[in-house]
Amino acid sequence: MKTFTTLLFALVLVLVKSNYTGKKLQNTLLIMEHRISTAEAKLQQAQHRMSTAEAKLQQAQTKLNHLSGQKKDHIAFSATITRTITAVGNPLTVRFDKVFLNDGNGYTRHSGHFKAPVAGVYAFTFHGLSSGNKGTIAHLMLNGNVVLGARHNSLTYFTG
């Protein structure tokens, strides 16, 4: 605003020194005042848009900070058995004795159970080795029910 007023005053001095006639000088001043008013209005609109954008940016930053502070539900575990299992006849819950990863603490080493800490879709893989003429049966259980089974003996191999 101060810059426009200074500019107008300087223009008036230039116009007066260049011997403008009164009517012509008055018309030029009116045009300049109109242009300055228009520029000031546009400046106010730009300042308002900038204030609105700054407020929206602040809201977005607040949301981002909130989301950054939240821990994502990352569930994963990886484990192995370092010993030979020789259970014969009776079902056995496999308890992995070496746990490499247990993000989300879903796997409990002492029980051998994995409990999903959050609702979602989970994927499980396992590998086994059978030797000799002895058969091997493995089941993946969900709440006491078999959801996946694998069986091996010297004559057949089955997965389901």
Side-chain angles (χ1 to χ4, degrees), residues 1-18 20 22-85 91-129 136-150 158-160:
M1 189 82 88
K2 184 177 179 182
T3 304
F4 290 123
T5 306
T6 305
L7 179 63
L8 182 61
F9 181 71
L11 182 62
V12 170
L13 286 176
V14 168
L15 293 175
V16 169
K17 288 182 180 181
S18 65
Y20 266 75
K23 187 75 168 166
K24 196 172 183 181
L25 181 60
Q26 188 177 9
N27 284 340
T28 304
L29 285 175
L30 287 174
I31 291 169
M32 299 299 354
E33 285 178 349
H34 176 70
R35 287 181 181 170
I36 289 172
S37 293
T38 302
E40 287 175 342
K42 287 181 180 179
L43 177 62
Q44 282 183 327
Q45 290 173 350
Q47 287 173 333
H48 176 66
R49 284 194 305 268
M50 188 171 79
S51 294
T52 302
E54 286 174 342
K56 287 180 179 179
L57 179 62
Q58 182 62 40
Q59 289 174 347
Q61 185 65 46
T62 300
K63 286 181 182 178
L64 180 61
N65 291 342
H66 175 71
L67 291 173
S68 296
Q70 291 180 344
K71 185 177 185 319
K72 301 290 185 244
D73 295 328
H74 177 80
I75 312 301
F77 90 97
S78 176
T80 191
I81 300 169
T82 60
R83 67 195 186 297
T84 301
I85 298 175
L92 170 72
T93 298
V94 176
R95 291 176 180 84
F96 299 105
D97 60 339
K98 183 164 180 79
V99 178
F100 300 106
L101 175 70
N102 194 12
D103 287 354
N105 297 315
Y107 180 69
T108 305
R109 185 185 305 211
H110 73 274
S111 70
H113 294 165
F114 175 83
K115 181 178 180 183
V118 294
V121 176
Y122 292 83
F124 294 89
T125 62
F126 67 92
H127 304 275
L129 176 64
T136 302
I137 298 174
H139 292 134
L140 180 64
M141 309 290 285
L142 175 63
N143 298 327
N145 299 310
V146 175
V147 292
L148 177 68
F158 170 81
T159 61

Non-hydrogen side-chain atoms of [X] and [Y] separated by less than 4.5 Å:
X: N105; Y: P117; result: no
X: V146; Y: M141; result: yes
X: T108; Y: K115; result: no

- Query: Taking only residues two or more places apart in sequence or in another chain, which ones pass ring pair (Phe, Tyr, Trp, His ring centres under 6.0 Å) with Y107?
  - Reply: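 By the ring pair (Phe, Tyr, Trp, His ring centres under 6.0 Å) rule, Y107 matches F77, F96.
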- Test ring pair (Phe, Tyr, Trp, His ring centres under 6.0 Å) applied to F100 - qualifying residues, sequence neighbours left out: none
- Measure from the side-chain N and O atoms of R95 to the backbone N and O of R109, and report whether any donor-acceptor pair falls under 3.5 Å. no
- Note on the structure: T82 meets the side-chain hydrogen bond (donor to acceptor under 3.5 Å, both in side chains) criterion, sequence neighbours left out, with D97
Holding to side-chain contact (heavy atoms from CB on, under 4.5 Å), I want the full list of residues that pass it with [X], two or more places apart in sequence or in another chain.
X: T38; answer: H34, K42
X: A116; answer: F114, Y122
X: V121; answer: none
X: L101; answer: A76, S78, D103

Under 3.5 Å, which donor-acceptor pairs link side chains of residues 48-55 to any protein atom two or more places apart or in another chain?
unit_1: S51; atom_1: OG; unit_2: Q47; atom_2: O; d: 3.1
unit_1: T52; atom_1: OG1; unit_2: H48; atom_2: O; d: 3.0

- Query: How long is the gap from CG on L140 to CG on N145, to the nearest 0.5 Å?
  - Reply: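 Taking CG in L140 and CG in N145, the distance rounds to 11.5 Å.
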- Note on the structure: Separation between OG1 (T125) and CG (L148), nearest 0.5 Å, reads 10.5 Å
